[in-house]
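Take a look at the structure set out below.
Since the model is a prediction, treat every value here as computed from it, not as a measurement.
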Amino acid sequence: MIEWADQIFVLLKREILLLVPVALQPLASILLSVGPIMGVFATLFAATTVLERKGLGRIQNRLGPNRVGPFGLLQPLADGIKAIIKEDVVPYRTDRVLHTLAPILIMVAALLAYSVLPLGRNMVALDLDAGVLFFFAAGATTELAIFMAGWSSRNKYALLGAMRAIAQMISYEIPLILSTVGVLMAAGTLSTTGIVEAQSGYSGLFPNWYVLTPWGFAGFFLFLIAATAEANRSPFDLPEGESELVAGYFTEYSGFKFAMFFFGEYLGLFAANALAITLFLGGWNAPLQILDWVPSYLWFFAKLLFLIGLSIWVRGTTPRLRADQLMNFAWKFMLPMSLVNILASGLWRFTGDGVLGWLVCGSLVAGSYYALGLNLAPKNAVTKRIYRFAT
Amino acid sequence: MLGTGLIKGMAETARNFVGSFLEEDRLTTVEYPEERIPAKEAARSFPFLVFDGDDAEKGLRCVACQICEKECPPQCIFILKDTAKKPDFVGKMQFQPKVFDIDVSVCMSCQICVEVCPFEAIKMDVDFELSRFDRFEGLLIHKDELSKPNSYFRKIHPTDAAAVDANLAAEKAKAEAKAVADAAAKAKAASAAAAGLAAPAKPAAAAPPPPPTPADPILKSASSSTAGPGLAETGSGKTHAPAHGS
Ligand code: SF4
Ligand code: SF4
């Protein structure tokens, strides 16, 4: 029964495939994998927009959207209808082909990344041996889409936004990938399913997740920060800083194309969070052995919602960084920290997960965190201003 | 240390998030169409014309002097004088507006028309739901819609209305007293003339100098008692009791 509940979607797909003629089976298999992924994540996107707006509202002691449907839960529907029926304004001198292709490309790139994410036990669309590599390759395509959008718009704000986006995404791509290296070394595989398998099982009360090791803990947060920057979310939302650049690279987009960009961004965020779950939070594994009976995909989505909530929380808290702070943070903190982290995960392999390992790797990670943090602190700290005459 | 500020900030936002569910006074939102807060007495949105009694035509205080039309900074008032006159609240014959339009899309709620009106005829409303379905003609608000009874004025601005009412009552009492005195003087002069005395006394000389316009409560100084409504803009504290010299 537990088995069955866990594998219900896998079994369902197999049953449906048996009804299809053999010649059409590959095509049907693709559709049966892609369709649900798109449907589920589109729903998640809709839910996230309303949750985000309500959450941010509560953080600012407001109510948030509460007009459409009960508690405003149908707000995404209204937003979607509005986006569809709005006029699609394309400026006169744009490069029309690129302008139209960019939002499609950003969605395709984001959706491609989902093909290697294990959403549950045996639930992965494409079990590649180099899954993690594929994920980053597909994810890097979004940069192309963003630059296409900024360049083809013939608008200085769009171009500036796109430039910022490229600078930011390339800078953060490096710590993003380097922070996963420790996991790849520990798991000994690039396959996403393999990494999840490597984190299954429990030692004592705790699961064998990589986030529960010193280097995994640091790597998890490095990955989350870099993923936030990759997804252009606050506090790294310089490319679309509303107060500076109108809307950044999608200034010249309206109506449904704008909605597609929006959708693509959120899909990218979900994909990055899902990869963080796969790499550090044990994928679809249950956190406690006694909770193993809950279907694996539920665990996956619970963790995903948790990370989405975290990113909403961070968005509600942090102000936007300045461009120089952004770059300083990437090159002076994230990059050395992720390199140290690789060293720590290598040491962990030799010291084992005993007291020695925790002592050596933990102090290495914590010490470098402290030292790099000192280096990042402003040199001449701002002191309290003393007014001598105007009292 | 790096990150402590972020953690502090996140604790703060978490406190806000949870607190907005638990504490009533954190969530100050008034959900407007369903919930509303009563208008503040000092609120002002758009002018309206006050009339006394029940009949908007007869009781209208406006005498079409067109001062407000001239003073309105964005020039959004349009007045046409009627040729027919009607008695005002003391019974003096006065002009009345035939057309009195205010363009709500132009009015900037500055209250200058109220300040300059010498007849307490135009006041500020507190109703802010002024949207219209017609964005051309509909935004021009006509006399019939602008006219609102004095009781409404009393309701929305009680303090102001009480002062105005006291003012007007004093005016009226004074005007009536004067009328009685005038009548008595006239009667005396007439009886004197009838007595056949050779005095060529004019009744006007016996009577006191002509009083200021009775419906002119804003004149504060007795010395300018001959001033018509044209000088009325000098008086701004018209809620003060008028100090007419007799
Ligand atoms: S100033 Fe007063 S009395 Fe004169 S026209 Fe305007 S509202 Fe009427
Ligand atoms: S409130 Fe100001 S703008 Fe409006 S009608 Fe009166 S004088 Fe004109």
According to salt bridge (charged side-chain N to carboxylate O under 4.0 Å, His left out), who are the partners of Arg135(B), at least two apart in sequence or on a separate chain? none
Ordered numerically, the heavy-atom neighbours of chain A under 4.5 Å found in residues 37-54 of chain B are none
Side chain, backbone, both or neither: which part of Leu374(A) has a non-hydrogen atom closer than 4.5 Å to chain B? neither
Between chain B and chain A: donor-acceptor pairs at under 3.5 Å:
from, atom 1, to, atom 2, distance (Å)
Leu2(B), O, Tyr369(A), OH, 2.5
Met10(B), O, Trp313(A), NE1, 3.1
Thr13(B), OG1, Trp313(A), NE1, 3.1
Thr13(B), OG1, Thr317(A), OG1, 2.9
Asn16(B), ND2, Ile59(A), O, 3.1
Ser20(B), O, Arg58(A), NH1, 2.9
Ser20(B), OG, Arg58(A), NH1, 3.4
Glu31(B), OE1, Asn66(A), ND2, 3.0
Glu31(B), OE1, Arg67(A), NH2, 3.4
Glu34(B), OE1, Arg67(A), NH1, 3.4
Glu34(B), OE1, Arg67(A), NH2, 3.3
Glu34(B), OE2, Arg67(A), NH1, 3.0

Within 6.0 angstrom of Lys86(B) NZ, more than 12 heavy atoms from elsewhere: yes
Is the NZ atom of Lys155(B) crowded by more than 12 outside heavy atoms at less than 6.0 Å? no
At under 4.5 Å between heavy atoms, what parts of residues 140-150 of chain B are in contact with chain A? List them by residue number. none
Do other residues, nucleotides or ligands put more than 12 heavy atoms under 6.0 Å from the CD atom of Glu57(B)? no
